[in-house]
S.K.: 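Mind looking over this structure? Questions follow.
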Amino acid sequence: MSDVLPRSADVVIVGGGIVGTAVARQLAYDGLSTVLLEGQAFGGAVSGASLACLGTHMHNLQELDVLVEACAHWRELSESLGDPFEYNHSGQLRFIMREEDVAVARRWIDAERAHGLPPELLSPEAVREREPLLTGPIVAASWSPGDATVNPFLAVRALLADGRRHGVSAFHSTPVTGLTIQGDRVTGVQTAKGPIAVGKIVIAAGPWSAGLAAMAGVNVPIVPRQAQCLASVRQPPIIRTVVGACESAGGVESGYTQIQQARSGQVLFNTVVAPEGTTPGAENRINEVPLRFVRDSIQTLTTLFPSLADILMLRSWVRFEGVTPDDRFLAGKLPPEGLYIAAGDNGTGFCRAPYLGRLISRLVRGVAAAPSDALYDPARFAGVSA
Ligand SMILES: Cc1cc2nc3c(=O)[nH]c(=O)nc-3n(C[C@H](O)[C@H](O)[C@H](O)COP(=O)(O)OP(=O)(O)OC[C@H]3O[C@@H](n4cnc5c(N)ncnc54)[C@H](O)[C@@H]3O)c2cc1C
């Protein structure tokens, strides 16, 4: 593997998280000479710290076709690459703690079943058959059997390795410091290791993407939001599925809760009882995990799984997601000519990454768009059209 940057390429991708890696891999598969530049470590930002659930349940219904395609793609990747990222077809339970929220779950289930998906409503007894230690005061749960998880860090590494096998030149510790623009089109990127002449640039820099787009004079509406996770010490296998909260109007379940057990044995959980947005423009750096988050998370875990009251915590972490005003990615063309973006993950970007790789490749190669691609077109925001 050469340490020397190529002087030119068809496409440069800025950002080596799961999105940039998936985009680079797809472009190389589709025959373009592709350079992937990561400012720090591949998967070292939010991607490697994710819970990486791949699912269709209780997401934006407009995106269901995308999610079905993305989940199928992850399954195929796992099979074709020989399971290098601990693909676990675990299914997902969304617990319900208040009778009035059963109707909310039913609405989701009906809408997804109308798309041919198989979610169903389970009684507390049926939940315990699937998740025996989930003995807390739930009134029901929805069950989505198709959902899965992967090990996020291994997934980035596997896509990177496969991309390299197909011709991606990838460099870590190589931040892009400037974009070169001549007339109305991009012509290159600048880095501390030298410039690269390139006709097409894809910004896949997560919450840092707005800063990169600004180098081309474009304002994209992506702001950072802090996301955090707790991990226990290694446990014997005790949690089988992804346990999430059903959408609700209030109470402990109204925030974002996701609990699962990694193949390493660590119980991972991510709970925000009252989600607080990070102020737009807030500094995009690693902060301490708030103590309130630790306390609320442990309380939620032990409410749902009372037998885990004595579980020991090992560590916690904070990362930054990129948030857009309508909770959907920006994936498509930006001005000037030759500039593209795939960012604005809204905390669910792991699942969508392979789809975004295909979308960006279609645009870069000028082939027909898929109907769902329009959902992500940055031009839906005033002043961001290519
Ligand atoms: C606790 C937790 C749980 C989650 N659970 C899920 C889940 O269950 N399912 C799901 O789908 N998603 C989940 N997510 C969200 C998911 O991890 C993210 O949506 C996804 O990883 C975003 O990937 P990305 O490639 O866009 O961003 P990032 O991983 O942030 O990658 C962007 C990269 O760009 C690099 N970069 C920035 N500026 C430059 C520059 N100038 N030059 C070069 N490189 C640069 C950064 O160093 C970084 O590596 C979770 C996140 C967290 C924190």
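What you are looking at is a predicted structure, and each value in this text was computed from that prediction instead of being measured.
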S.K.: Any Lys/Arg nitrogen of R225 or E321 sitting under 4.0 Å from an Asp/Glu carboxylate oxygen of the other?
M.R.: yes
S.K.: Would you indicate whether R7, at its atom CZ, is surrounded by more than 12 heavy atoms from other residues, nucleotides or ligands within a distance under 6.0 Å?
M.R.: no
S.K.: Any heavy-atom pair between the side chains of L122 and L93 that's under 4.5 Å?
M.R.: yes
S.K.: Without swapping roles, check the side chain of R94 against the backbone of S142 for a donor-acceptor pair under 3.5 Å.
M.R.: no
S.K.: Is it true that a side-chain atom of T174 and a backbone atom of G39 form a donor plus acceptor pair closer than 3.5 Å?
M.R.: no
S.K.: Using a distance-only test with no angle check, is there a side-chain donor-acceptor pair under 3.5 angstrom linking S144 and Q92?
M.R.: no
S.K.: Closer than 3.5 angstrom, by distance alone: can the side chain of Q260 be matched with the main-chain N or O of L51 as a donor-acceptor pair?
M.R.: yes
S.K.: Flag yes if V23 and I222 sit in one hydrophobic cluster, no otherwise; membership is Ile, Leu, Val, Met, Phe, Trp, Tyr, and two members link when side-chain heavy atoms are under 4.5 Å apart.
M.R.: no
S.K.: Any non-hydrogen side-chain atom of V267 less than 4.5 Å from a side-chain atom of I238?
M.R.: yes
S.K.: For the CZ atom on R128, are there more than 12 heavy atoms of other groups (residues, nucleotides or ligands in this structure) within a distance under 6.0 Å?
M.R.: yes
S.K.: Would L117 and V68 count as a side chain to side chain contact (heavy atoms under 4.5 Å, CB included) here? Give the steps.
M.R.: CA-CA 9 Å; L117 291 164; V68 168; 4.1 Å; yes
S.K.: Consider only side-chain N and O atoms of Y355 and D373, and report whether a donor and an acceptor are under 3.5 Å apart.
M.R.: yes
S.K.: Any side-chain donor paired with an acceptor under 3.5 Å for T348 and R352?
M.R.: yes
S.K.: Would a single hydrophobic cluster contain both Y376 and I203, if residues Ile, Leu, Val, Met, Phe, Trp and Tyr are joined by side-chain heavy-atom contacts under 4.5 Å?
M.R.: no
S.K.: Is it true that a side-chain atom of R328 and a backbone atom of L375 form a donor plus acceptor pair closer than 3.5 Å?
M.R.: yes
S.K.: Minimum heavy-atom separation for A213 to L334, with atom names?
M.R.: CB-CD1, 4.3 Å
S.K.: Quick one: does V139's side chain get under 4.5 Å of V102's, heavy atoms only?
M.R.: yes
S.K.: Which heavy atom of A204 sits nearest a heavy atom of I13, and at what distance?
M.R.: CB-CG2, 4.2 Å
S.K.: Determine yes or no for a side-chain-to-main-chain donor-acceptor pair under 3.5 angstrom, with D345 supplying the side chain and A343 the backbone.
M.R.: no
S.K.: Which pair of heavy atoms, one from P336 and one from V186, lies closest together, and at what distance?
M.R.: CG-CG1, 3.9 Å
S.K.: Which pair of heavy atoms, one from S297 and one from L230, lies closest together, and at what distance?
M.R.: CB-CD1, 3.8 Å
S.K.: Would you say the side-chain atoms of K200 pair up with the backbone N or O of V12, donor to acceptor, closer than 3.5 Å?
M.R.: no
S.K.: For V189 and V198, which heavy atoms make the closest approach, and how far apart are they?
M.R.: N-CG1, 4.2 Å
S.K.: Please round to the nearest 0.5 Å and tell me the distance separating atom CD1 of I181 and atom CG of L339.
M.R.: 7.5 Å
S.K.: Look at the side-chain heavy atoms of Ile, Leu, Val, Met, Phe, Trp and Tyr, link any pair under 4.5 Å apart, and say whether I360 and V176 land in one connected group.
M.R.: no
S.K.: Does atom NE2 of H172 have more than 12 heavy-atom neighbours, drawn from other residues, nucleotides or ligands, at distances under 6.0 Å?
M.R.: no
S.K.: Is a side-chain donor-acceptor pair under 3.5 Å present for T324 with N346?
M.R.: yes
S.K.: Treat each ILVMFWY residue as a node, draw an edge where side-chain heavy atoms are under 4.5 Å apart, and state whether L54 and I259 are in one component.
M.R.: no
S.K.: When you look at W74 and F350, which way does the ring-ring contact (aromatic ring centres under 6.0 Å, His included) test go after all the steps?
M.R.: CA-CA 10 Å; W74 275 112; F350 220 95; 5.7 Å; yes
S.K.: Sequence neighbours left out, what passes salt bridge (Lys or Arg N to Asp or Glu O under 4.0 Å) with E100? Give chain and number order.
M.R.: R98
S.K.: Could you go step by step and tell me if F269 and T300 meet the side chain to side chain contact (heavy atoms under 4.5 Å, CB included) rule?
M.R.: CA-CA 10 Å; F269 52 111; T300 304; over 6 Å; no
S.K.: Is there a side-chain contact between V364 and L32 (heavy atoms, below 4.5 Å)?
M.R.: yes
S.K.: Looking at T241 and S90, what are the two nearest heavy atoms and their distance?
M.R.: CG2-O, 3.6 Å
S.K.: Mind checking what makes side chain to side chain donor-acceptor pair (under 3.5 Å) contact with D162, not counting sequence neighbours?
M.R.: R25, Y29, R165
S.K.: I would like to know whether E112 and T56 meet side chain to side chain donor-acceptor pair (under 3.5 Å); could you show each step before the answer?
M.R.: CA-CA 8 Å; E112 290 168 25; T56 51; 5.0 Å; no
S.K.: Rounded to the nearest 0.5 Å, what's the gap from CD on Q228 to OG on S316? Could you check?
M.R.: 8.5 Å
S.K.: So with a 6.0 Å cut-off around CG of N219, is the heavy-atom count from everything else above 12?
M.R.: no
S.K.: Say you draw a straight line from CG of L81 to OH of Y87; how long is it, rounded to the nearest 0.5 Å?
M.R.: 13.0 Å
S.K.: Picking from V243, I96, L134, what satisfies side chain to side chain contact (heavy atoms under 4.5 Å, CB included) with V127?
M.R.: L134
S.K.: To the nearest 0.5 Å, how far apart are CZ in R240 and CD in E131?
M.R.: 7.0 Å
S.K.: Just by modelled atom types, is the S33 backbone N or O under 3.5 Å from a matching donor or acceptor in the D10 side chain?
M.R.: yes
S.K.: Could you tell me which residues satisfy salt bridge (Lys or Arg N to Asp or Glu O under 4.0 Å) with R358, sequence neighbours excluded, listed by chain and number?
M.R.: E69
S.K.: Would you say the side-chain atoms of D377 pair up with the backbone N or O of R380, donor to acceptor, closer than 3.5 Å?
M.R.: no
S.K.: May I ask you to decide if S47's main-chain N or O and S50's side chain share a donor-acceptor pair within less than 3.5 Å?
M.R.: no
S.K.: Measuring from F171:CZ to I196:CD1, what's the distance to the nearest 0.5 Å?
M.R.: 7.0 Å
S.K.: Could you check whether R365 pairs with D30 (Lys NZ or Arg NE/NH1/NH2 to Asp/Glu carboxylate O, under 4.0 Å)?
M.R.: yes
S.K.: Please check if L356 and L212 belong to a single hydrophobic cluster, counting links between Ile, Leu, Val, Met, Phe, Trp and Tyr side chain heavy atoms closer than 4.5 Å.
M.R.: no
S.K.: Answer whether the closest heavy-atom distance between the side chains of F95 and T257 falls below 4.5 Å.
M.R.: yes
S.K.: Are side-chain heavy atoms of C229 and R319 found at a separation under 4.5 Å?
M.R.: no
S.K.: Side chains of Q40 and E38: donor-acceptor distance under 3.5 Å anywhere?
M.R.: no
S.K.: Answer yes or no: is there a side-chain heavy-atom contact under 4.5 Å between V202 and V14?
M.R.: no
S.K.: Would a distance-only check, ignoring hydrogens and angles, find a side-chain to backbone donor-acceptor pair under 3.5 Å from Q261 to P236?
M.R.: yes
S.K.: About how many Å separate CD of Q299 and CZ of R292, when rounded to the nearest 0.5 Å?
M.R.: 11.0 Å
S.K.: Is R106 salt-bridged to D110, cutoff N-O under 4.0 Å?
M.R.: no
S.K.: Do the non-hydrogen side-chain atoms of F85 and L77 ever get within less than 4.5 Å of each other?
M.R.: yes
